[in-house]
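This structure is a prediction, so every number in the text was calculated from the model and none was measured.
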Amino acid sequence: MTKRIMLGNEAFARGAYEAGVKVVSSYPGTPSTEVTENAAKYDEIYVEWAPNEKVGVEVAMGASVGGVRSLSCMKHVGLNVAADPFFTAAYTGVTGGMVVLVADDNGCHSSQNEQDSRYHGRGAGVPVLEPADSQECKDYIKLAYDISEKYDTVVLMRSSTRISHSRGIVELGQREERENIPYVKDMQKYVAMPAMARKLHIAQEKRLNEIEADAATFMAGEGELCRALNRVELDDRKIGIVTSGICYQYVKEALPHASVLKLGMVNPLPKQMIADFAKEVEKLYVIEEGNPFLEEQIRAMGVPVYGGKDMFTIQGEYSARMIRQGFGVATEQSALEDAKGTSDIADAPGRPPLLCAGCPHKGLFYVLSKLKTTVFGDIGCYTLAALPPTSAMDTTLCMGGSITMAHGFEKATGDKSNTVAVLGDSTFLHSGITGLLNMCYNQSTGTVIILDNRITGMTGHQDNPASGRNAKGEPAPAVDLAALAKAVGVKHVVEVDPFDVKEVERIVKEETARDELSVIITKRPCAMIVKQTNIPRIVSDRCKNCKQCMKIGCPAIEEEDGRPVVVADRCVGCGLCQKVCPFDAIDAAGSEE
């Protein structure tokens, strides 16, 4: 049997391939992005980047109705966007198996919150599976399709940053090609109008109860669907721990002799199994990252829990060391770390978050900072412009929220002077179009700036409907953002190179002073796509040490002996520093004199 070392996300994609999945529609979002990228490598699977997560789930649902196995992937906040179709699909059920894969981001590594997606699964009334390593990522997604079709339900597959981005050994299998299930018109099942929805809700509750009753059989060697979803590992019975996902790995490392109930299905819970396990141990503990999802339900069952969130925080990620400390377990490694007062990781020098050298967004935010503009920001690389030295962003809420918040601010205060909404091209297509339509319909006079860098930059350069390529890298029609803005009713649309800082400043002043709605589109490819070769130099006898070049926040410019210098191995030769220098002290090529 072939084995490979795989990222959890790569293993998810492999599992979907082996399960015979034919359609994948997703929106990129760290830490889930690589699932779809790896699925696109399989010719047997149709893979697309959807404009947003709601569209992705709807496409996957349509494919399921068409009789094939389908998948939609997203990060935790993306499930908020997809909640509308997700909750109703939980009522209707499926034809071909359907999985929604969501990756939570405990610790906010790349997100605006730490929401716990298990609550979405419980609220919708669908089974939620949570793997603990790369092998389980592959196995569980295959099992999810069996569960989906056996019980006529959407299945939520929950991952996390550490599961998605950790590597492990995976045993590969063969793809199971499946015949399409013939489409049969069924209004009672798929038309979710009130009369049908009431019946569908009854059916949804019935199948969830069936899954709960069968959950105890989802163990190695038992039942039809027996791939070790829920398992008991009895050892020292003084301590019993209920856990799941990445926390299972931490528990096994920190407390190798504790008895463990490892849950692979976290909704619905196998209540009888949990009650039986609790009787086998002296004290029962629950260890889970995030909110007390398992703990509260187990306590509600009347099972005493001696430690859960009383011992561990709801914030951030856990670790084996945290668990050892919580249980007062001393190890040689812990003693060394305690003696130092911190771990080696904590001693590593920090890297301040900055926009990349040559980032096309730098020119715009340099101007907005200079003009002291009030900036309603959005989700993307450019959110980093909120930090010094530009400090050129006032708010960031959610995808597309910049436009609608700027509109609300104007309607509330009656003032839109020197105020703009800023968002990227992919974000605009994700959730910004309706906001712009709202501004136009409700006669806003604000200014929206769309940062068109020709890619979805924040999540690792995935294509979008404006980039001209699809998820498999093939040529595709590209949305004309200026024409789209005009189509929703915006009369004043102007495009500009963000590195032409003088022109950007003129346009921003002109458009924010306008008494009508306007859109500015800054057009320049991401520096990681189009790299320049001319590395500039700072000429000493012309440099007045005004530090204006440092105000753009470029990581390729730093101080040395109190004066700015260009660090050649970081510079991409974009030339922005030359344009902001008031003394023409930066030449196009060479080294510092």
Of Ile450, Thr396, Leu451, Asp378, the one forming a side chain to side chain contact (heavy atoms under 4.5 Å, CB included) with Val422 is Leu451

So the side-chain hydrogen bond (donor to acceptor under 3.5 Å, both in side chains) pairs with at least one residue in residues 473-492 (sequence neighbours excluded) are Asn470-Glu474, His492-Arg514, His492-Glu516

Side-chain (Lys547) to main-chain (Glu559) donor-acceptor, under 3.5 angstrom: no

Note to self: Looking at Leu355, is its backbone amide N or carbonyl O close enough to the side chain of Lys362 to form a donor-acceptor pair, meaning the two atoms are under 3.5 Å apart?
What the structure shows: yes

Carboxylate-amine/guanidinium contact Asp500 Lys579, below 4.0 Å: no

Distance only, no hydrogens: is a donor on one side chain within 3.5 Å (strictly under) of an acceptor on the other, for Thr512 and Lys416?
-> no

Residue set satisfying salt bridge (charged side-chain N to carboxylate O under 4.0 Å, His left out) with Glu130, at least two apart, ordered chain then number -> Arg158

* Asked: Any chance the side chains of Ser518 and Thr447 put a donor and an acceptor closer than 3.5 Å?
  -> yes

Verify salt bridge (Lys or Arg N to Asp or Glu O under 4.0 Å) between Lys509 and Glu505, making sure each step is shown before the conclusion. CA-CA 6 Å; Lys509 287 179 178 178; Glu505 182 173 345; 3.2 Å; yes

Ile586 and Cys549 have their tightest heavy-atom pair at CD1-CB, 4.2 Å

Taking every heavy atom of Cys543 against every heavy atom of Pro564, the minimum-distance pair comes out as SG-CG, 4.3 Å

Checklist entry - Would you say the side chain of Tyr441 lies within less than 4.5 Å of the side chain of Val488, judging by non-hydrogen atoms? => result no

The reported gap from CG in Leu423 to CD1 in Ile379 (rounded to nearest 0.5 angstrom) is 10.5 Å

**Prompt:** Distance-only, no hydrogens or angles: does the Gln548 side chain make a donor-acceptor pair with backbone N or O of Pro582 under 3.5 Å?
**Reply:** no

All heavy atoms of Ser134 vs all of Ala11, minimum pair found to be O-CB, 3.2 Å

Hey, is the main chain of Ser110 close enough, under 3.5 Å, to the side chain of Asp105 for a donor-acceptor pair? yes

Looking at Arg524, is its backbone amide N or carbonyl O close enough to the side chain of Asp497 to form a donor-acceptor pair, meaning the two atoms are under 3.5 Å apart?
no

Cut-off 3.5 Å, side chains only: do Asp116 and His76 have a donor facing an acceptor?
-> no

I would like to know whether Tyr382 and Thr427 meet side-chain hydrogen bond (donor to acceptor under 3.5 Å, both in side chains); could you show each step before the answer? CA-CA 11 Å; Tyr382 43 85; Thr427 308; 3.1 Å; yes

Judged by modelled atom types alone, do Tyr27 and Ser426 share a side-chain donor-acceptor pair under 3.5 Å? yes

So NE2 of His407 and CG of Leu436: to nearest 0.5 Å the spacing works out to 11.0 Å

Review point. Side-chain donor-acceptor pair under 3.5 Å between Asn9 and Ser164, yes or no?
Key: yes

>> Are His120 and Gln115 packed together at the side-chain level, in the sense that at least one heavy-atom pair is separated by less than 4.5 angstrom?
In response: yes

Quiz item: Where the side chain of Asn438 meets the backbone of Thr434, is there a donor-acceptor pair that is under 3.5 Å apart?
Solution: no

Could you tell me whether the side chain of Val565 reaches within less than 4.5 Å of the side chain of Ile557, counting heavy atoms only? no

Minimal heavy-atom distance between Ala421 and Ala406, with the atoms involved, is CB-CB, 3.8 Å

Is a donor from one side chain sitting under 3.5 angstrom from an acceptor on the other, for Thr33 and Gln462? no

Check the pair Val420, Thr374 against side-chain contact (heavy atoms from CB on, under 4.5 Å), reporting the backbone distance first and the verdict last.
CA-CA 6 Å; Val420 298; Thr374 298; over 6 Å; no

Q | Lys75/Ser111 under side-chain hydrogen bond (donor to acceptor under 3.5 Å, both in side chains): CA gap, chis, key distance, verdict | A | CA-CA 9 Å; Lys75 68 186 297 175; Ser111 309; 2.8 Å; yes

Between Tyr318 and Glu289, the two heavy atoms sitting closest are N-OE2, 2.8 Å

*asked:* Could you check whether any side-chain heavy atom of Phe428 comes within less than 4.5 Å of a side-chain heavy atom of Leu481, counting everything from C-beta outward?
replied: yes

Verify the distance criterion only: is there a donor paired with an acceptor across the side chains of Thr390 and Ser369 at less than 3.5 Å? no

Rounded to the nearest 0.5 angstrom, the CD1-CG distance for Ile535 and Asp569 is 9.5 Å

Checklist entry - Is a donor on one side and an acceptor on the other found under 3.5 Å between the side chain of Arg469 and the backbone of Asp463? => result no

Ser444 (side chain) donor-acceptor with Met439 (main chain) under 3.5 angstrom
no

Interatomic distance, CG@Asn291 vs CD1@Ile314, rounded to 0.5 Å, equals 5.5 Å

Whether Glu114 side chain and Gln315 backbone form a donor-acceptor pair below 3.5 Å:
no

Check: Asn106/Ser160 side-chain N/O donor and acceptor closer than 3.5 Å
no

Between the CE atom in Met399 and the CG atom in Leu429, the distance rounded to the nearest 0.5 Å is 10.0 Å

Can you confirm whether the side chains of Gln578 and Asp587 place a donor and an acceptor under 3.5 Å from each other?
no

Tell me whether Glu288 is salt-bridged to Lys309, with the criterion being a basic N under 4.0 Å from an acidic carboxylate O. no

Output for pair (His361 NE2, Asp452 CG), nearest 0.5 Å, gives 9.5 Å

Any Cys571 side-chain heavy atom under 4.5 Å of Pro536 side chain: yes

- Go through Glu10 and Arg4 one step at a time and tell me if the salt bridge (Lys or Arg N to Asp or Glu O under 4.0 Å) criterion holds. CA-CA 10 Å; Glu10 188 180 3; Arg4 283 178 53 192; 2.8 Å; yes

On a heavy-atom basis, the closest approach of Asn442 and Lys411 is O-NZ, 3.0 Å

Glu558 bridged to Arg570 by N-O distance under 4.0 Å: yes

Check for a donor-acceptor pair, side chain of Asn52 on one end and backbone N or O of His430 on the other, with a separation under 3.5 Å. yes

Could Glu510 and Arg506 be called an ion pair, given the rule that one side-chain N must be under 4.0 Å from one carboxylate O? yes

